[in-house]
Asks: 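The structure follows.
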Amino acid sequence: MDLSSLSDFDLVATHGGFGKASRSSGRAKATLSRRIMDLEQSLGVRLIERGARALRLTEEGAVLYERTHTLLADLAEAGASVSGGHTAPRGTLRISAPVLFSHTLMGTLSTEYAGRYPDVRLDIRAEDRRVDLVEDGYDIAIRVNPHPDSTLVGRCFARDRMLLVAPAGLRRPRRTRGAADVPDIPAVTLNNTSDQGPWVFLDGKTARTVNPVPRLVLSSLIMVRDAVRAGAGAALIPQSMVRPGPASEGLAIWGPLPDRQVELWALHRSRRLVNAKVSTFIDFLCARFPDRWL
């Protein structure tokens, strides 16, 4: 493919028409149309359906745009950096991050990163949904225990573990002898998890099992922790949320869940050319958690 023709195709596809692309770039519409026709001829497929008032990408055109749009932007950024004699990150960095991580840490982390790289504008969205980096326009997605995805690469920058935590006044069940003797306990659970029990935790070196009976089903871990403090029941809470301090007063830690390690990953699109914004932010996260624990 001719890179210049590919850039003209990207320009037209991004603006949704020859007229807007022409006004934005100062290039003649006839030139843009001819370059795209040349690209179609070289590929042997039609990339754009031209209508009287509008155009739309064909299926092949949409695939080409999705695969090359970000890469072309990275190439342009790399060229500008090299020609300017530096490789400092610049531009907008869009990040999707979990709600709890965003509310507790991202304000401080983003401020520190912005202070180091003033030419980068951070756009961070707190959300727990699984986003598509290409379709949703994100550069980085921070996720907890992400499922394997062949289109993404990334690094684990921090870990946590789940604890069984209860109100200080809730009596710990007696030791049980078998599955038939598993005791019930009042519990507070999240509404977006299937982990409704039984819960196996370590009491010292001994594995013990309890059966949670939900009294409250809530939508955030901060709400869950506060409900446990208020005496609603026991819950599974990350260790990072129950460190000594005002927020953990009134809580009793019964023990960790041995099979519930939590990993936080910073994911980005899999390609050889990673722009400076992405690489510096991921390096920054890893440096902020040198022992890999929250």
Asks: Taking the side chain from S279 and the backbone from A276, do they hold a donor-acceptor pair closer than 3.5 Å?
Replies: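 Side chain of S279 to backbone of A276: a pair is present.
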Asks: Pairing donors with acceptors under 3.5 angstrom, does anything connect the side chains of S96 and R143?
Replies: yes
Asks: Testing L39, L55, L57, V63 for side chain to side chain contact (heavy atoms under 4.5 Å, CB included) with L47, which one passes?
Replies: L39
Asks: Got I140 and L267 here, is their nearest side-chain heavy-atom distance under 4.5 Å?
Replies: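 No, side chains not in contact.
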Asks: Show your working on side chain to side chain contact (heavy atoms under 4.5 Å, CB included) between V262 and R159 and close with a plain yes or no.
Replies: CA-CA 5 Å; V262 178; R159 293 183 175 88; over 6 Å; no
Asks: Find out whether V120 and F281 are in side-chain contact, i.e. whether some heavy atom of one side chain is under 4.5 Å from a heavy atom of the other.
Replies: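 No - every pair of side-chain heavy atoms lies 4.5 Å or more apart.
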Asks: Could you check if a side-chain atom of L11 sits within less than 4.5 angstrom of a side-chain atom of L32, using non-hydrogen atoms only?
Replies: yes
Asks: Linking I/L/V/M/F/W/Y whenever any side-chain heavy atoms sit under 4.5 Å apart, do L163 and F201 land together?
Replies: no
Asks: Calculate, to the nearest 0.5 Å, the distance between atoms CG and CG belonging to L43 and L64 respectively.
Replies: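 Answer for the CG-CG pair, L43 versus L64, is 6.5 Å.
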Asks: Are side-chain heavy atoms of L264 and F157 found at a separation under 4.5 Å?
Replies: yes
Asks: If I take atom CZ from residue R34 and atom OG from residue S5, how far apart are they, to the nearest 0.5 angstrom?
Replies: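 Going from the CZ atom of R34 to the OG atom of S5 covers 9.0 Å.
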Asks: Determine, for R94 against D139, whether the closest basic-nitrogen to carboxylate-oxygen distance falls under 4.0 angstrom.
Replies: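 D139 and R94: not salt-bridged.
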Asks: Just how far is it from atom CZ of R260 to atom CE of M162, taken to the nearest 0.5 Å?
Replies: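 These two atoms lie 5.0 Å from each other.
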Asks: Below 30° counts as parallel, above 60° as perpendicular, anything between as tilted: where do the rings of F101 and F289 land?
Replies: tilted
Asks: Could you tell me which non-hydrogen atom of P198 sits nearest to which non-hydrogen atom of P212, and how far apart they are?
Replies: CA-CD, 4.1 Å
Asks: Using a 4.5 Å cut-off on heavy atoms from C-beta on, say whether the side chain of Y113 contacts that of P89.
Replies: yes
Asks: Hey, mind stepping through T209 and V182 against side chain to side chain contact (heavy atoms under 4.5 Å, CB included) and telling me if it holds?
Replies: CA-CA 6 Å; T209 304; V182 174; 3.9 Å; yes
Asks: Check whether T104 reaches the backbone of L100 with its side chain - one donor and one acceptor, N or O, closer than 3.5 Å.
Replies: yes
Asks: Between W199 and A187, which heavy-atom pair has the shortest distance, and what is it?
Replies: CH2-CB, 3.9 Å
Asks: For the residue pair D123 / T92, report whether a side-chain donor-acceptor contact shorter than 3.5 Å exists.
Replies: no
Asks: Is there side-chain contact between L152 and H268, with heavy atoms separated by less than 4.5 Å?
Replies: no
Asks: Using 0.5 Å steps for rounding, measure from the CG atom of D203 to the CH2 atom of W254.
Replies: 10.0 Å
Asks: Could I get the full list of ring-ring contact (aromatic ring centres under 6.0 Å, His included) partners for H69, not counting sequence neighbours?
Replies: Y65
Asks: As a quick check of understanding, evaluate salt bridge (charged side-chain N to carboxylate O under 4.0 Å, His left out) for D283 and R155, giving each step before the final call.
Replies: CA-CA 9 Å; D283 288 343; R155 293 164 67 181; 2.7 Å; yes
Asks: Using a strict threshold of under 4.0 Å (side-chain N to carboxylate O), is an ion pair present between R50 and E40?
Replies: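 Salt bridge: yes.
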Asks: Same cluster for V12 and M37 if Ile/Leu/Val/Met/Phe/Trp/Tyr side chains link at under 4.5 Å?
Replies: no
Asks: Do Y117 and K277 come close enough that some side-chain heavy atom pair is under 4.5 Å?
Replies: no
Asks: State plainly whether one hydrophobic cluster holds both L202 and V165, where clusters connect Ile, Leu, Val, Met, Phe, Trp and Tyr through side-chain heavy atoms under 4.5 angstrom apart.
Replies: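 No, no single cluster joins them.
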Asks: Looking at G107, is its backbone amide N or carbonyl O close enough to the side chain of S110 to form a donor-acceptor pair, meaning the two atoms are under 3.5 Å apart?
Replies: yes
Asks: Does the distance from a Lys or Arg side-chain N to an Asp or Glu carboxylate O, for D2 and R35, drop under 4.0 Å?
Replies: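 Salt bridge: yes.
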Asks: Which heavy atom of G61 sits nearest a heavy atom of F9, and at what distance?
Replies: O-CZ, 3.4 Å
Asks: Please check this pair: side chain of D10 against backbone of L6, looking for a donor-acceptor N/O pair closer than 3.5 Å.
Replies: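 Pair absent, no side-chain N/O of D10 close to backbone of L6.
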Asks: Under a 4.5 Å side-chain heavy-atom rule over Ile, Leu, Val, Met, Phe, Trp and Tyr, are L93 and I124 clustered together?
Replies: yes
Asks: Given the rule in the side chain to side chain contact (heavy atoms under 4.5 Å, CB included) test, do L72 and L3 qualify, once you have shown the distances and angles that lead to the verdict?
Replies: CA-CA 9 Å; L72 285 169; L3 189 58; 3.7 Å; yes
Asks: Heavy atoms, side chains only, cut-off 4.5 Å: are V210 and D184 in contact?
Replies: no
Asks: Walk me through it: do Q261 and R161 pass the test side chain to side chain donor-acceptor pair (under 3.5 Å)?
Replies: CA-CA 5 Å; Q261 180 166 285; R161 62 177 178 172; over 6 Å; no
Asks: Any donor and acceptor pair, going by atom type alone, linking the side chain of S102 with main-chain N or O of P98 inside 3.5 Å?
Replies: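 Side chain of S102 to backbone of P98: a pair is present.
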Asks: Return the minimal non-hydrogen interatomic distance between I95 and M106, and the atom names on each side.
Replies: CG2-CE, 4.5 Å
Asks: L105, V99: one ILVMFWY side-chain cluster at the under-4.5 Å cut-off?
Replies: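 Looking at the clustering, V99 is in a separate group from L105.
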Asks: Between E127 and R129 (salt bridge meaning N to carboxylate O under 4.0 Å), is one present in this structure?
Replies: yes
Asks: Write down the atom of G154, the atom of W265, and the distance for their closest heavy-atom approach.
Replies: O-CZ3, 3.6 Å
Asks: Do any N or O atoms from the side chain of R269 and from the backbone of Y138 form a donor-acceptor pair under 3.5 angstrom?
Replies: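 Present.
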Asks: Show me the donor-acceptor pairs, under 3.5 Å and distance only, between side chains in residues 215-228 and residues at least two apart or in other chains.
Replies:
unit_1: R215; atom_1: NH1; unit_2: A232; atom_2: O; d: 3.1
unit_1: S220; atom_1: OG; unit_2: M223; atom_2: N; d: 3.1
unit_1: R225; atom_1: NH1; unit_2: M241; atom_2: O; d: 3.2

Asks: Working note: V200 + L257, criterion side chain to side chain contact (heavy atoms under 4.5 Å, CB included); need CA distance, chi angles, decisive distance, verdict.
Replies: CA-CA 6 Å; V200 179; L257 276 67; over 6 Å; no
Asks: Identify whether the distance between the nearest side-chain nitrogen and carboxylate oxygen of E263 and R292 falls below 4.0 Å.
Replies: no
Asks: Kindly compute the distance separating CD1 (I253) from CD (Q239), expressed to the nearest 0.5 Å.
Replies: 7.0 Å
Asks: For the residue pair L109 and L285, what are the closest heavy atoms and their distance?
Replies: CD1-CD2, 4.0 Å
